[in-house]
J.: 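Take this structure, written in structure tokens, and hold onto it; I'll ask about it next.
Note that the structure is predicted; figures quoted are calculated from it, not measured.
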Amino acid sequence: MESRAAMAGQGSNRLVRLLPIEACLLWFIALIGVLALALALTMQRQVNWPPFLGGYVATLGLAAIGGYVRQVKAAPRIALALVGAAIFTGFTAVSSIFIFALFPLPNPLIDPALIQADAVLGYHWPTAVAWLAQYPGFAAVLGYIYHSSLVQILLTIVLLAALSREIALHRFLLVGIITLIIAVAIWWVIPSVGPSAFQSIPEADRLATGLYFDPTYGQHLKNLVEVGPRQISPEVITGVVAFPSYHMIMALMVVWFSRGTFAFLPLTAVNTAMVPATLTHGGHHLVDLLAGLAVFALSVWLASRLIREPARV
């Protein structure tokens, strides 16, 4: 007869079931979380742990509910969406702590060189903002689009799960993880924070475009790089990785993985507008977007080889 422990183990397996790739990604996120904790402690960073721990608990809860729904309720599409959202939110939470624990950065900012590279390509951020200031309605739309990236990521997870595109969804999640790791690694070696820290725009243009930062925001970014935050907490978490542009990467992810779905054309239109939205916002140079494209292409190639299509019989 089987032991009670074995029977209990089998019972728990019947209650919660994760797909192998889901389990691998969640274990990897747990590893990154341990590394983030170790880095914060080693660097003697002050961290407001309760909000982050709440996020970790929510991640585990979503994953567990997803596994339960798949096994007990026989709802694989809902399970894909829940576990996919858990992977995305979990990695976002642990990577935020990891990134901010890296401050202050060891190398000087390369923004002056990136501004010169933009000039060679014919791009000048203050000029772009001055042009946008003539069309405040368009500027307002671009502002909403700029801040829609995370929502679009979650909606794409739901879309792919609803259409039972399991391989595409898991590649989508893996590309998100790989691209952020590569982007942070590049940014840590050759850091940048965007043109707003080095170039000024007239206050009238800032108000007309609705850009959320004021003249002190650029200095705030510089202080983060040179000194670091006094405490790592959700309210101080902000976008700091400029080169390569992760906004560009997220836009490309949404468009690429929505191919062949009813949402492809509207998402393509929205994320085409993400280009001027990202450029005029002040957190990215033009070359940042080009670098984001290169990182995305490399990550898609890697993901397609790590997660292969099932063999056809």
J.: Under a single-linkage rule joining Ile, Leu, Val, Met, Phe, Trp and Tyr whose side-chain heavy atoms are separated by less than 4.5 Å, which residues share a cluster with L159?
T.: L163, F262

J.: Determine all donor-acceptor pairs shorter than 3.5 Å in which one atom belongs to a side chain in residues 284-298; sequence neighbours excluded.
T.:
| unit_1 | atom_1 | unit_2 | atom_2 | d |
| --- | --- | --- | --- | --- |
| H284 | ND1 | A242 | O | 2.9 |
| H285 | NE2 | D111 | OD1 | 2.7 |
| D288 | OD2 | H285 | N | 2.7 |

J.: Is there side-chain contact between M248 and T278, with at least one heavy-atom pair below 4.5 Å?
T.: no

J.: Restricting to side chain to side chain donor-acceptor pair (under 3.5 Å), what partner residues turn up for S164, sequence neighbours left out?
T.: R77

J.: What's the separation between atom CG in L302 and atom CD1 in I177, rounded to the nearest 0.5 Å?
T.: 13.0 Å

J.: Do Y144 and Y135 sit in the same hydrophobic cluster, where Ile, Leu, Val, Met, Phe, Trp and Tyr count as joined when their side-chain heavy atoms come under 4.5 Å apart?
T.: no

J.: Do any pairs count as a side-chain hydrogen bond (donor to acceptor under 3.5 Å, both in side chains) and have a residue in residues 175-184, sequence neighbours left out, and if so which ones?
T.: T179-Y246

J.: For a quick test of reading the model, state the closest non-hydrogen atom pair linking S299 to V175 and the distance between them.
T.: O-CG2, 3.8 Å

J.: Rounded at 0.5 Å granularity, tell me how far CG in L26 sits from CD1 in I87.
T.: 4.5 Å

J.: Under the side chain to side chain donor-acceptor pair (under 3.5 Å) rule, collect the residues that match up with E166, sequence neighbours excluded.
T.: none

J.: F172 vs I153, test: side chain to side chain contact (heavy atoms under 4.5 Å, CB included). Steps then yes/no.
T.: CA-CA 9 Å; F172 177 79; I153 294 291; 3.7 Å; yes

J.: Under the side chain to side chain donor-acceptor pair (under 3.5 Å) rule, collect the residues that match up with S95, sequence neighbours excluded.
T.: none

J.: Mind checking the CZ-CZ spacing from R171 to R308? Nearest 0.5 Å is all I need.
T.: 8.5 Å

J.: If you look at every heavy atom in M274 and H247, which pair is closest and at what distance?
T.: SD-CD2, 4.0 Å

J.: Going by heavy atoms in the side chains, are L169 and F257 under 4.5 Å from each other?
T.: no

J.: What I'd like to find out is whether the side chain of Y146 reaches to under 4.5 Å of the side chain of T280, using heavy atoms alone.
T.: no

J.: Quick one: side chain to side chain donor-acceptor pair (under 3.5 Å) partners of T127, sequence neighbours excluded?
T.: H124

J.: Grab the two heavy atoms, one from S200 and one from P126, that are nearest each other, plus how far apart they are.
T.: O-CG, 3.9 Å

J.: Do I157 and V83 sit in the same hydrophobic cluster, where Ile, Leu, Val, Met, Phe, Trp and Tyr count as joined when their side-chain heavy atoms come under 4.5 Å apart?
T.: yes

J.: Is there a side-chain contact between Y68 and Q71 (heavy atoms, below 4.5 Å)?
T.: no

J.: Can you get from L60 to L62 by hopping between Ile, Leu, Val, Met, Phe, Trp and Tyr side chains that sit under 4.5 Å apart?
T.: no

J.: CG/L39 to CG/L102 distance, rounded to the nearest 0.5 angstrom?
T.: 5.5 Å

J.: Looking at every heavy atom in both A273 and L142, which two are closest together, and how far apart are they?
T.: O-CD2, 3.5 Å

J.: Starting from the C-alpha separation in whole Å, work towards a yes-or-no answer on side chain to side chain contact (heavy atoms under 4.5 Å, CB included) for F198 and L109.
T.: CA-CA 10 Å; F198 293 85; L109 294 170; 3.8 Å; yes

J.: Could you list the residues that satisfy side chain to side chain contact (heavy atoms under 4.5 Å, CB included) with A36, not counting sequence neighbours?
T.: I97, F98

J.: I'd like to know if L252 and I178 are part of one continuous hydrophobic network [Ile/Leu/Val/Met/Phe/Trp/Tyr, side-chain heavy atoms within less than 4.5 Å].
T.: yes

J.: Of all residues at least two apart in sequence or in a different chain, which pass the side chain to side chain contact (heavy atoms under 4.5 Å, CB included) check with V158?
T.: none

J.: Identify the heavy atoms of A85 and L154 that sit nearest to each other, and give their distance.
T.: CB-CD2, 4.4 Å

J.: Measure across D205 and T209 and return the closest heavy-atom pair with its distance rounded to 0.1 Å.
T.: O-OG1, 2.8 Å

J.: Using the rule that two of Ile, Leu, Val, Met, Phe, Trp, Tyr join whenever any of their side-chain heavy atoms come within less than 4.5 Å, decide whether I145 and V275 are in one cluster.
T.: no

J.: Do any pairs count as a side-chain hydrogen bond (donor to acceptor under 3.5 Å, both in side chains) and have a residue in residues 21-43, sequence neighbours left out, and if so which ones?
T.: E22-R70

J.: Kindly compute the distance separating CG (L37) from CD1 (I32), expressed to the nearest 0.5 Å.
T.: 12.5 Å

J.: Just so I know, are the side chains of N271 and M250 near enough to count as touching, which here means a heavy-atom distance under 4.5 Å?
T.: no

J.: Roughly how far, to the nearest 0.5 Å, is the OG1 atom of T59 from the CZ atom of F88?
T.: 10.5 Å

J.: Taking only distance into account, with no hydrogens and no angle test, what donor-acceptor pairs under 3.5 Å do side-chain atoms of residues 180-195 form with protein atoms, sequence neighbours excluded?
T.:
| unit_1 | atom_1 | unit_2 | atom_2 | d |
| --- | --- | --- | --- | --- |
| W187 | NE1 | S192 | O | 3.3 |
| W187 | NE1 | V240 | O | 3.2 |
| S192 | OG | F243 | N | 3.2 |

J.: Kindly determine whether L80 and H170 satisfy side chain to side chain contact (heavy atoms under 4.5 Å, CB included), including the steps that lead there.
T.: CA-CA 9 Å; L80 279 175; H170 294 150; 3.9 Å; yes

J.: With heavy-atom distances below 4.5 Å as the criterion, would you say the side chains of L279 and Y123 are in contact?
T.: yes

J.: What verdict does the side chain to side chain contact (heavy atoms under 4.5 Å, CB included) test give for V270 and Q152, after you've listed the backbone C-alpha separation in whole Å, the side-chain angles of each residue and the deciding distance to 0.1 Å?
T.: CA-CA 10 Å; V270 169; Q152 287 193 58; 3.6 Å; yes

J.: Would you say T261 and S258 make side-chain contact, with heavy atoms under 4.5 Å?
T.: yes

J.: Identify, with sequence neighbours excluded, every residue that meets side chain to side chain contact (heavy atoms under 4.5 Å, CB included) alongside I78.
T.: V69, A75, L82

